[in-house]
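Count residues from 1 along the sequence. For ligands, and for the atoms within them, numbers begin at 1 and follow the listed sequence.
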Amino acid sequence: MPQVTLPGVVDRHVHLGLVDRTLLADSPVTEVHDLGWDPRETAAWATTPPSGVRVRYVGPFHTAPGGYPAGRSWAPNAAVRPVASPREAAQAVADVAAAGGFAVKVALHAGMALLPDDVLRAFVAEARAAGLPVLVHAEGAGQAGRAIAVGADVLVHVPWTETLPPELIARAARMTWISTLAIHDGPGRPAGLERPAGLERALDNARRFVAVGGTLAYGTDMGNGPTPVGVNEREIELLGEVGLTGEVLLRAVLGPPEVPALTAPLPVPGTAADLIAWLRASRTLGPTPTDLEHP
Ligand SMILES: [Zn+2]
């Protein structure tokens, strides 16, 4: 039977410290981006990853002293770096680069202490100078707007706590937003019950973001609650609900050509349901030794 070979699934938002990462071995997920943990641990996992998986990482969450996620039961102290000044932001970015991080993670959560604008601007300027993108967790009133205004590259969740006005969505068109839509979908919600408001707001923001040319990318926040370790089919279904199909859907879920590849029978998947079926039928071709090298 004729086969088609495609890059494997890249999950752009995971927390390997909160799951049994060995379950990823030789699964359709061939690259994961750890978005917040003790940088020494993530660097070690990247050196000896599960078979067939490339691990990239950001190192710690950067936040205001006392800001999110400090004090959360799931967040070890070394996963959270408090930053109090532009100078400290510069040092924090240098430390991410030295630890081999691929990006700088910044947390803005309106329910807890917040980084002020001068520190936020310093993060963006220093990261840009270091050639690293800035990835922002934005939660609560006004925080997505601050991330967009300061020039952050990525929102690690589609905004779900508020409906963004059209002018803000338009300003965000140059960004990538990581989907994490399924975390709002409440496991075990009986069919027919109304969907959570957070999911509806996120879907609405995502549709309008895609309509202005924004890049929506698959990411699951694996480790946040009872998420599957592997392909999160619900996340792909919800990307389908946003309206992603064809090439755009494949680009959102699958990696660039250099990630370890998958193969399965033709045809090339065109819808979310096709892609889920294709991934179920796929097998990993396995990485070549060079694929496993981490920069
Ligand atoms: Zn997360």
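Looking only at its N/O/S atoms, His15 has NE2 as the one nearest to the Zn ion (ligand 1). For the Zn ion (ligand 1), the nearest N, O or S atom contributed by His13 is named NE2. Nearest N, O or S atom of Asp221 to the Zn ion (ligand 1): atom OD1.
A salt bridge links Glu247 with Arg251: the distance from a Lys NZ or Arg NE/NH1/NH2 to an Asp or Glu carboxylate oxygen falls below 4.0 Å. Between Arg81 and Asp95, at least one side-chain N (NZ, or NE/NH1/NH2) sits under 4.0 Å from a carboxylate O, which counts as a salt bridge.
The Zn ion (ligand 1) does not have His137 among its coordinating residues (no N/O/S atom, backbone or side chain, under 2.8 Å).
In this structure a side-chain-to-backbone donor-acceptor pair under 3.5 Å is missing from Asp185 to Leu199.
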Check your understanding: What do the steps show when you test Phe102 against His33 for ring pair (Phe, Tyr, Trp, His ring centres under 6.0 Å), and what is the final call?
Key -> CA-CA 9 Å; Phe102 81 97; His33 299 176; 4.8 Å; yes

